[in-house]
Amino acid sequence: MTARLKKLICVHAAAAAAVTLYFLLPIKCPVKYFLGFNCPTCGMTRAMLSLFKGDIKAYAAYNPAALPFLVLLLFAFHRRLLPVSRKAGNIIVAAGAVCVLIVYILRIILV
């Protein structure tokens with residue numbers, strides 16, 4: 001087994017463990033639970049479920065950064081599989097993170 005495959009398995013195992021803990025523990029958002037305010041990813045699960053159902057209005061109301069964040073996350077975890085230079089990959093990840101941060105700040109200001 002190659003080192004790349006081991007790393008890929010470890011990343012996916014950690015993600016699976018996090019999802020399992022999410023469903024088993026009574027705390028759904030640690031930021032909201034411990035600090036009392038929404039985190040940048042609050043509402044993303046509900047937004048994606050709404051998008052899959054075709055309810056664009058509910059998707060935008062929950063968290064409009066959900067789809068770009070999902071694409072960004074998949075890219076970040078699998079960018080070595082894509083023919084993208086390291087510099088371009090870092091720019092894509094940074095731009096996506098800035099977009100999520102901008103949406104978060106706008107949600108704080110407008111709500």
Side-chain angles (χ1 to χ4, degrees):
M1 186 180 298
T2 66
R4 183 181 285 175
L5 182 59
K6 286 180 185 179
K7 186 175 181 180
L8 188 68
I9 290 171
C10 287
V11 166
H12 284 86
V19 169
T20 302
L21 283 174
Y22 174 80
F23 285 112
L24 294 177
L25 295 176
I27 300 170
K28 296 304 176 193
C29 179
V31 173
K32 179 110 179 177
Y33 183 79
F34 292 112
L35 301 176
F37 57 87
N38 291 337
C39 68
T41 61
C42 279
M44 284 194 180
T45 302
R46 290 172 287 170
M48 290 307 296
L49 290 174
S50 296
L51 187 63
F52 291 147
K53 292 177 185 176
D55 190 356
I56 304 299
K57 187 176 179 181
Y59 163 78
Y62 284 127
N63 195 335
L67 186 59
F69 183 76
L70 177 65
V71 171
L72 175 69
L73 197 63
L74 290 173
F75 175 78
F77 283 141
H78 301 293
R79 70 175 157 181
R80 290 188 182 193
L81 301 175
L82 302 170
V84 177
S85 72
R86 184 176 186 94
K87 184 177 179 179
N90 290 341
I91 290 170
I92 291 169
V93 171
V98 167
C99 288
V100 170
L101 185 63
I102 289 170
V103 169
Y104 179 56
I105 291 169
L106 288 174
R107 288 176 68 200
I108 290 171
I109 293 170
L110 299 175
V111 173

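For clarity, every value in this text was computed on a predicted model and none was experimentally measured.
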Original post:
Counting N and O atoms only, with roles assigned by atom type, does the side chain of Y59 sit under 3.5 Å from a partner on the main chain of P64, one being a donor and the other an acceptor?
Top reply: yes

**OP:** Would you confirm whether N63, through its side chain, and C42, through its main-chain N or O, come within 3.5 Å as a donor-acceptor pair?
**Re:** yes

**OP:** Any chance you could lay out the side chain to side chain contact (heavy atoms under 4.5 Å, CB included) test for N90 and R86, step after step, and finish with the verdict?
**Re:** CA-CA 6 Å; N90 290 341; R86 184 176 186 94; 4.0 Å; yes

Subject >> Straight-line distance of L8 CG to R4 CZ, nearest 0.5 Å >> reply: 9.5 Å

In one Ile/Leu/Val/Met/Phe/Trp/Tyr side-chain cluster, 4.5 Å: [X], [Y]:
| X | Y | value |
| --- | --- | --- |
| L67 | L73 | no |
| M48 | F23 | no |
| L35 | I108 | yes |
| V19 | L24 | no |
| V84 | L70 | no |

For the student: nearest non-hydrogen atoms of [X] and [Y], plus distance:
| X | Y | value |
| --- | --- | --- |
| N38 | Y104 | O-OH, 2.7 Å |
| I92 | L72 | O-CD1, 3.7 Å |
| Y62 | R107 | O-NH2, 3.0 Å |

